[in-house]
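Keep in mind it's a predicted model, so treat the numbers as computed, not measured. Hydrogens, waters and symmetry mates are skipped; everything else that's a heavy atom, side chains included, is used. Residue numbers start from 1 in every chain, and the chains themselves are labelled A, B, ... in the order their sequence lines are given, proteins ahead of strands.
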Amino acid sequence: MTGERDPQGMSRRQLIRHSAWFGSAVVLTVVGGEVISHIAGSTPTSSQATRPALRFAQISDSHIGFSGGANPNVAGTFGEAINQVNSLGYTPDFVIHTGDLTHLASPAQFDQVKQMLTGLNTPHVFTVPGEHDSVDDAGQKYRQVFGAGTRGDGWYSFDVAGVHFIALVNTLSFSQMGGGRLGTDQLDFIEKDVAPLSSDTPIVVFSHIPLFAMYPGWGWGTDDATQALSYLKRFSSVTCLNGHVHQLFSKTEGNVTFYSATTTAYPLPHPGDGPAPKPITLPAGQLHDALGVREVTYTKGQQALALKDQKLQ
Amino acid sequence: MPVYWYLSAVPVGATVTWTNQDEEPHTIAAKDGSFHGPGMDTHGTYSFTFTKPGTYDYICSIHPFMTGTVVVTG
């Protein structure tokens, strides 16, 4: 669907073998083109009479290697998130980890997170890098572990059940204001990647840093996202899923809906609440409520994807 | 972001050492690419010796809105 250079077959297969990635788990239901989200404290049940054509989970910001007071056991909560995805009552078509797999991009942290992701019960695990995964080497170590089958600095696309997915890298260079950047090579990739698609193809975009201006003062935005989204304007349904901000948030702009996912590690402040996005240490017993996983579903014939965010149980 | 703006003036040949006193990790990365330290965890340090006069702007590559400047005088 995306031309002969589409690496999806290889990348998906290799990702599966290498394992799975995790952060905050989100399961999205894509129905016809958009994502519908529900925030649910309860166990997800498939309420549709028709079985969805596609079901996947999103996890994000596992920060393996963090050991601060906000969560002294990030591996433990990440493991719980993996178990929660494995307990959805069905096997997700894939799981996407939207970045900050590790806290400091050390080889040991990459080994640990890769090993843990193998515990996911799904045929495919996809990832995008966070800035913590590329702190000192522009993402080289990340790509050694998770970059098989990708293009450029780690971006790629693939198709499942008639939905086109684009996984972007916006953590390798930063603008003057500190926002993420895609860069010209990646913008070219996006433009060419979607050119052959018909306008009723549902599009889902993964990135670590939001593609919308959630809070530019903290770098919670992507400077050249406007250019990328201009290539997606003709599509009836575009859903952008990101991590980075460690909290649920959604926003609709025209044909595009943005959904920030929560984390499996520790919460960050709401935009502008305090001088910097530093980890928040919650009172005892409250951490799990701030963490979670997401389900996403798509049912053919419907116009929207459906999202369901679950708190970590 | 004045809270995170640091200005230091040093003579040529000086070695500047940064120490991370935060729970979050940080890096020291020159905007012109002339130096880039590793991720520093809490209490981690990074040192760089400036051998040419000039004005060096740097950011934290993990939190790029955190910026600083070293002015090296000849």
Using a strict 4.0 Å threshold on nitrogen-to-oxygen distance, state whether A/D136 and A/K141 make a salt bridge. yes
Given heavy-atom pairs under 4.5 angstrom as the criterion, report whether the side chain, backbone, both or neither of B/T27 touches chain A. side chain
For the pair A/Y266 and A/H63, name the ring-plane relationship: parallel under 30°, tilted 30 to 60°, perpendicular over 60°. tilted
Going by heavy atoms in the side chains, are A/L211 and A/N242 under 4.5 Å from each other? no
Between A/L172, A/D137, A/V135, which shows the greatest number of heavy-atom pairs under 4.5 Å with chain B? A/V135
Just say parallel, tilted or perpendicular for the rings of A/F249 and A/F212, cut-offs at 30° and 60°. parallel
Is it the backbone or the side chain of B/D22 that comes under 4.5 Å from a heavy atom of chain A, or both, or neither? side chain
